Amino acid sequence: MAAALSEHWSAGREKAASKLASGLGGVEVARLFSGAADEMLQALWRFTTQVLHPSDSVDEDGKLALLATGGYGRGVLAPYSDLDLLFLRPARAASASSASPASCSMCCGILGPRWASPRAP
C-alpha cells in the first residue's frame with residue numbers, strides 16, 4: 001500500500017512540477033499539490049475504513065472524521081510542505097481519558113503508510 005501511494009504521490013508532484021515549468025502560476029500549482037494529497041488521503045481512508053476496519057465493525061467510540069488544516073486545509077499545498085491533519089472523534093468518545101482501540105487502529109491505518117513512504121509529504 002505504501003509503495004502504491006508513494007508512486008501516486010510522486011506522479012502528482014511531477015505533474016505539478018511540469019505545470020510550473022511550463023508557466024502555470026504558483027497558486028495553481030499549489031492547488032495541484034493539494035489535489036494530489038486529497039486523492040492519496042481519500043485512498044487511505046477508503047482502504048482503512050473498508051478493508052482494515054469496515055464501518056459495521058466500528059462502534060461509536062471508533063468513529064472518526066479527518067480534516068485538513070493549514071495551507072493544505074485551504075487547498076494550497078506548497079511543494080515539500082507537510083500535511084497538517086486533524087482527527088475528530090464524537091464528543092462522547094472525546095471525553096474519555098484515552099482513545100478507543102478502534103480509533104487508534106484507524107489513525108494508524110491512515111498515518112502508517114505515509115510514515116513508511118520514502119517520499120512522504
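Computed from a predicted structure; not experimentally measured. For the single chain, residues carry numbers from 1 onward in sequence order. Heavy atoms only: backbone and side chains are in, while hydrogens, waters and symmetry mates are out.
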Rounded to the nearest 0.5 Å, what's the gap from [atom1] on [X] to [atom2] on [Y]? Could you check?
X   : Y    : atom1 : atom2 : answer
S10 : K15  : OG    : NZ    : 15.0 Å
R13 : Y80  : CZ    : OH    : 4.5 Å
L44 : L111 : CG    : CG    : 8.5 Å

*Using a 4.5 Å cut-off on heavy atoms from C-beta on, say whether the side chain of L64 contacts that of W45.*
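Yes, close enough: below the 4.5 Å cut-off.
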
_Student check: side-chain heavy atoms of L41 and L85 closer than 4.5 Å_ =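 A side-chain contact exists here, since the closest heavy-atom pair is under 4.5 Å.
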
*Kindly write out the residues that satisfy side chain to side chain contact (heavy atoms under 4.5 Å, CB included) with A78, not counting sequence neighbours, or none if the list is empty.*
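A78 satisfies side chain to side chain contact (heavy atoms under 4.5 Å, CB included) with S81 once adjacent residues are dropped.
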
Give the table of side-chain donor-acceptor pairs shorter than 3.5 Å for residues 65-75, with sequence neighbours excluded, one pair per line with atom names and distance.
unit_1: T69; atom_1: OG1; unit_2: D84; atom_2: O; d: 3.4
unit_1: Y72; atom_1: OH; unit_2: D38; atom_2: N; d: 3.3
unit_1: Y72; atom_1: OH; unit_2: D38; atom_2: OD1; d: 2.6
unit_1: R74; atom_1: NH1; unit_2: G70; atom_2: O; d: 3.4

Quick one: side chains of residues 23-31, donor-acceptor pairs under 3.5 Å with protein atoms, not counting sequence neighbours, listed by atom name and distance.
none

